[in-house]
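The structure under discussion appears below in the form of structure tokens.
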Amino acid sequence: QVQLVESGGGLVQAGGSLRLSCAASGRTFSSYNMGWFRQAPGKEREFVSAISKISWSASSTYYADSVKGRFTISRDNAKNTVWLQMNNLKPEDTAVYYCAARRAPGLSKNSLHYDYWGQGTQVTVSS
């Protein structure tokens with residue numbers, strides 16, 4: 001089992017940056033594919049980004065079109081942490097951001113495919 005705790009959210013002006021962190025408990029973090037999702041008020045939870053387990057060469061990453069080129073996902077298995085670097089933030093990025101862990105192989109943008117979730121961290125982007 002994995003417990004996830006997000007941090008790093010806050011209030012930022014449009015065009016600014018934030019770095020979200022997701023700290024995982026347990027010794028099996030490296031066996032999970034990880035994802036970030038977000039949910040704005042009155043909207044469904046949506047996929048933001050995902051990163052694969054470290055392979056022998058490198059992790060694979062996957063981004064929603066709305067954040068591609070602005071957000072970067074990364075992980076450090078030694079620190080049991082996954083990050084989401086968010087640059088050039090826009091008001092439409094305002095949401096609660098959630099970290100999630102997936103045991104099954106492969107990356108997925110479907111929230112139903114993730115097994116464990118954090119409590120979320122609020123990101124607010126002012127115009």
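In this text the structure is predicted, and so the values were computed from the model without any measurement.
- The structure places OH of Tyr32 at 11.0 Å from CG of Asn80, a figure rounded to the nearest 0.5 Å.
- Using a 4.5 Å heavy-atom cutoff, the side chains of Gln122 and Thr94 are in contact.
- Scored by the ring pair (Phe, Tyr, Trp, His ring centres under 6.0 Å) test, Phe47 finds Phe37, Tyr62 as partners (sequence neighbours excluded).
- Here the closest non-hydrogen pair linking Trp117 and Ser111 is CZ2-O, 3.4 Å.
- The minimum heavy-atom distance between Ser31 and Thr28, with the atom names listed, is OG-O, 2.6 Å.
- The two residues Ser108 and His113 have their closest heavy-atom pair at OG-ND1, 2.7 Å.
- For the side chain to side chain donor-acceptor pair (under 3.5 Å) test, residues two or more places apart in sequence or in another chain that qualify with Tyr97 are Arg38.
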For residues 7-17, dump all side-chain donor-acceptor pairs below 3.5 Å to protein atoms at least two apart in sequence or in another chain.
unit_1: Ser17; atom_1: OG; unit_2: Asn87; atom_2: OD1; d: 2.9

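- Rounded to the nearest 0.5 angstrom, Arg19 CZ and Thr72 OG1 are separated by 10.5 Å.
- When the shell of 6.0 Å around CD of Gln3 is examined, it contains 12 or fewer heavy atoms from other residues, nucleotides or ligands.
- Residues forming a ring pair (Phe, Tyr, Trp, His ring centres under 6.0 Å) with Tyr63 (at least two apart in sequence, or on another chain): none.
- Ion pair Lys90/Asp93 not flagged as a salt bridge, since none of the NZ, NE, NH1 or NH2 atoms sits closer than 4.0 Å to an Asp/Glu carboxylate oxygen.
- Residues Tyr98 and Val48 fail the side-chain proximity criterion, which asks for heavy atoms closer than 4.5 Å.
- Considering CG of Asn110 and CZ of Arg102, their distance stands at 8.5 Å, rounded to 0.5 Å.
- Summarising the geometry of Ser127 relative to Pro91, their closest heavy-atom pair is CB-CG, 3.9 Å, with the distance given to 0.1 Å.
- Listed by first then second residue, pairs satisfying salt bridge (charged side-chain N to carboxylate O under 4.0 Å, His left out) with a partner in residues 111-127 read Arg103-Asp115, not counting sequence neighbours.
- Sorted pairs that involve residues 9-18 and meet salt bridge (charged side-chain N to carboxylate O under 4.0 Å, His left out), not counting sequence neighbours, are lacking altogether.
- Under a hydrophobic-cluster definition in which Ile, Leu, Val, Met, Phe, Trp and Tyr are linked whenever side-chain heavy atoms come within less than 4.5 Å, directly or via other members, Phe71 and Trp36 are assigned to the same cluster.
- Closest of all the heavy-atom pairs between Val82 and Met34 is CG1-CE, 4.1 Å.
- Leu84 CG to Glu6 CD: the interatomic distance, rounded to the nearest 0.5 Å, is 11.0 Å.
- Taking CZ of Arg70 as the reference point, atom OG of Ser49 lies at 12.0 Å (rounded to 0.5 Å).
- When hydrophobic clusters are built by joining Ile, Leu, Val, Met, Phe, Trp and Tyr residues whose side-chain heavy atoms come closer than 4.5 Å, directly or via intermediates, Leu20 is not grouped with Trp83.
- For Ile51 against Leu107, the heavy-atom pair with the smallest separation is C-CD2, 3.4 Å.
- The CG atom of Leu4 sits 9.0 Å away from atom CD of Gln119, with the distance rounded to the nearest 0.5 Å.
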